[in-house]
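Given the structure is predicted, the values throughout are model-derived calculations rather than measurements. In the text below, chain A, chain B and the rest are named by the order of the sequence lines, each starting its count at 1.
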Number of protein chains: 2
Amino acid sequence: MPRKKSKPMSPGALSLVAARFKVLGEPARLSLLNALMQKDLNVNELVQATGLSQANVSKHLGMLADTGFVSRRRHGLFTVYSIEDQGVYQLCDLMCDSIARRLGNDLREIA
Amino acid sequence: MPRKKSKPMSPGALSLVAARFKVLGEPARLSLLNALMQKDLNVNELVQATGLSQANVSKHLGMLADTGFVSRRRHGLFTVYSIEDQGVYQLCDLMCDSIARRLGNDLREIA
DNA sequence: TTGCTATATAACTATTCAGGAATATAACCG
DNA sequence: CGGTTATATTCCTGAATAGTTATATAGCAA
């Protein structure tokens, strides 16, 4: 039973939305966000939390900041990052729900 | 003021979630989903609705079906697709909200 | 100033992947 | 059966981009 709720998106809105989903679609960036969801962290702490290289972390953080998902503030030598777009919590929760449903459906198909 | 709500995701969960976000992160696929959000459509109708080539549409539909976002049923010669994962409605709504907030913030920064 | 640490950026490489062209498969009709 | 339509798939090429290495910038301390 289809739901047919939301209004259709314009082509412009579509590419904006897609671009934003794509930012969340990289494991490295999602890993950074995941770490920041626990507490604000500086770059070196994020390097240790994720196991990524410093250059790679900085690059992805730059992209996350440019797209407004995180914000940064300097604290002496350090740059501390925090979640800026609180929507990422719900987005990740929803996606996890979606995966849980999918796993349940798959199991049913096998059985 | 940070929120710190969700529990941290395991590396395995992270890559699953990222992979799923990535599926939504392609304009062509999001466009197909957007069309299907209005009503179920067959491949040729989706070709016309999106302006994409038939091969391209079939390929993206295959990926959307493999990941459980859409389902397909054959109807004679036609294959009719429909939204299977109802979560895409909320996901798109949330992302649109996120964009709206971001645009508002940007304007405030300029002013 | 020099030196040190933290972070950002630039240049390069390698991989991923979207799109197109051609072909294959499937389902119907005569 | 052959023919036609609808859809799927295969192969290829080009563009986008993640990751590495090296370097640059920023801030602090002596």
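Put simply, CD on A/E45 is 15 Å from C1' on C/dT5, counting in whole angstrom units. Look at CZ on A/R29: it is 12 Å from C1' on D/dG19, rounded to the nearest Å. Between the CG atom of B/N44 and the P atom of D/dA8 there is a distance of 11 Å, given to the nearest Å. Between A/L46 atom CG and C/dA8 atom P there is a gap of 10 Å when expressed in whole angstrom units. The interatomic distance linking B/R74 (CZ) with D/dA6 (C1') rounds to 7 Å, in whole Å. Computed from coordinates, the A/L32 CG to C/dA8 C1' distance equals 15 Å when rounded to whole Å. A/N42 places its CG atom 15 Å from the P atom of C/dT5, with the value rounded to the nearest Å. Distance A/Q48 CD to C/dT7 P: 11 Å, rounded to the nearest Å.
Proximity of B/R72 to the phosphate of D/dT7: no side-chain N or O atom is located under 4.0 Å from OP1 or OP2. Look at B/Y81 and you'll find a side-chain N or O under 4.0 angstrom from OP1 or OP2 of D/dA8.
For DNA chain D, the residues of residues 49-69 of chain B within the heavy-atom distance limit of 4.0 Å (strictly under) are B/Q54, B/A55, B/S58, sorted by number. The stretch residues 12-20 of chain B does not touch DNA chain D, since none of its heavy atoms comes less than 4.0 Å from the strand. At a non-hydrogen distance threshold of 4.0 Å, A/E26, A/A28 from residues 21-28 of chain A come into contact with DNA chain D.
When all heavy atoms are compared, the tightest approach of A/T50 to A/S31 is CG2-OG, 3.4 Å. Counting all heavy atoms, side chain and backbone alike, A/S98 lies closest to B/R20 at OG-NE, 3.0 Å. Nearest heavy-atom pair, B/F21 versus A/M95, reported as atom, atom and distance to 0.1 Å: CD2-CE, 3.5 Å. Residue A/M9 comes nearest to A/V17 through the heavy atom pair SD-CG2, 3.9 Å, listed as atom of the first residue, atom of the second, then distance. The shortest heavy-atom contact between B/M37 and B/C92 is CE-SG, 3.7 Å.
Listed for the B/Q90 side chain is no donor-acceptor partner under 3.5 Å among the backbone atoms of B/G87. Checked by atom type and distance alone, the side chain of A/Q38 never pairs as donor or acceptor with a backbone atom of A/A35 at under 3.5 Å. Between the side chain of A/R29 and the backbone N or O of B/A18 there is no donor-acceptor pair closer than 3.5 Å.
Considering only side-chain atoms of B/L77, the nucleotide from C/dA8, D/dA6, C/dA18 that sits closest is D/dA6.
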A/L33 and A/L24: CA distance, side-chain angles, deciding distance, side-chain contact (heavy atoms from CB on, under 4.5 Å) verdict:
CA-CA 9 Å; A/L33 287 173; A/L24 301 183; 3.5 Å; yes
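Linking ILVMFWY residues whenever their side-chain heavy atoms come closer than 4.5 Å, directly or via other members, places A/L41 and A/V47 in the same cluster.
Using a 4.0 Å cut-off between charged side-chain N and carboxylate O, A/D85 and B/R101 make a salt bridge.
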